[in-house]
Amino acid sequence: MIETKIRKVGNSAVMTLTTEMLTILDAKEGDTLFVVRSDDGSLKITPHDPAIAAALAAAEIVMDENRDLLQALA
């Protein structure tokens, strides 16, 4: 577990990400992070767009189901 504080900057609340957190996320200053709310109400920070991840998962299923057809077309 990594602890961090929330502080006020202007009209915003800011959470500082430590170097350790950035390393775990494989992120750097200027990158975009996504915050996803789970079914249990918790939040998950990820460097990957969840919409793209869902689309790639759906494409993987289609490719698995149609492997022979796709190989014939290639």
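FYI, the numbering just counts along the sequence from 1.
- Lys8 places a side-chain N or O within 3.5 Å of a backbone atom of Gly10 that can act as its donor or acceptor partner.
- Nearest heavy-atom pair, Asp40 versus Ser42, reported as atom, atom and distance to 0.1 Å: OD1-OG, 2.7 Å.
- Proximity of a side-chain donor or acceptor of Thr46 to a complementary backbone N or O of His48 within less than 3.5 Å is detected.
- Taking 4.5 Å as the limit, some side-chain heavy atom of Leu33 sits within range of a side-chain heavy atom of Leu25.
- Taken to the nearest 0.5 Å, the CE atom of Met63 stands 8.0 Å off from the CG atom of Leu56.
- Looking at Ser38, its side chain never comes within 3.5 Å of a backbone N or O of Gly41 through a donor-acceptor pair.
- To the nearest 0.5 Å, the span separating CD on Glu29 from CG on Asp31 amounts to 9.5 Å.
- Once rounded to the nearest 0.5 Å, the distance linking OG1 of Thr16 with CD1 of Ile6 reads 10.0 Å.
- Transitive grouping of hydrophobic side chains (ILVMFWY, heavy atoms separated by less than 4.5 Å) brings Met15 and Leu22 into a common cluster.
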**OP:** Could you give me the CA-CA distance, side-chain angles and deciding distance for Lys44 and Val35, then say whether side chain to side chain contact (heavy atoms under 4.5 Å, CB included) is met?
**Re:** CA-CA 6 Å; Lys44 176 182 175 181; Val35 179; over 6 Å; no
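- Under the 4.5 Å side-chain heavy-atom criterion for ILVMFWY residues, a single connected hydrophobic cluster contains both Met21 and Leu43.
- Side-chain atoms of Glu20 and Ile24, non-hydrogen and from C-beta on, do get closer than 4.5 Å to each other.
- Taken together through direct or relayed side-chain contacts under 4.5 Å among Ile, Leu, Val, Met, Phe, Trp and Tyr, Phe34 and Ile45 form parts of separate hydrophobic clusters.
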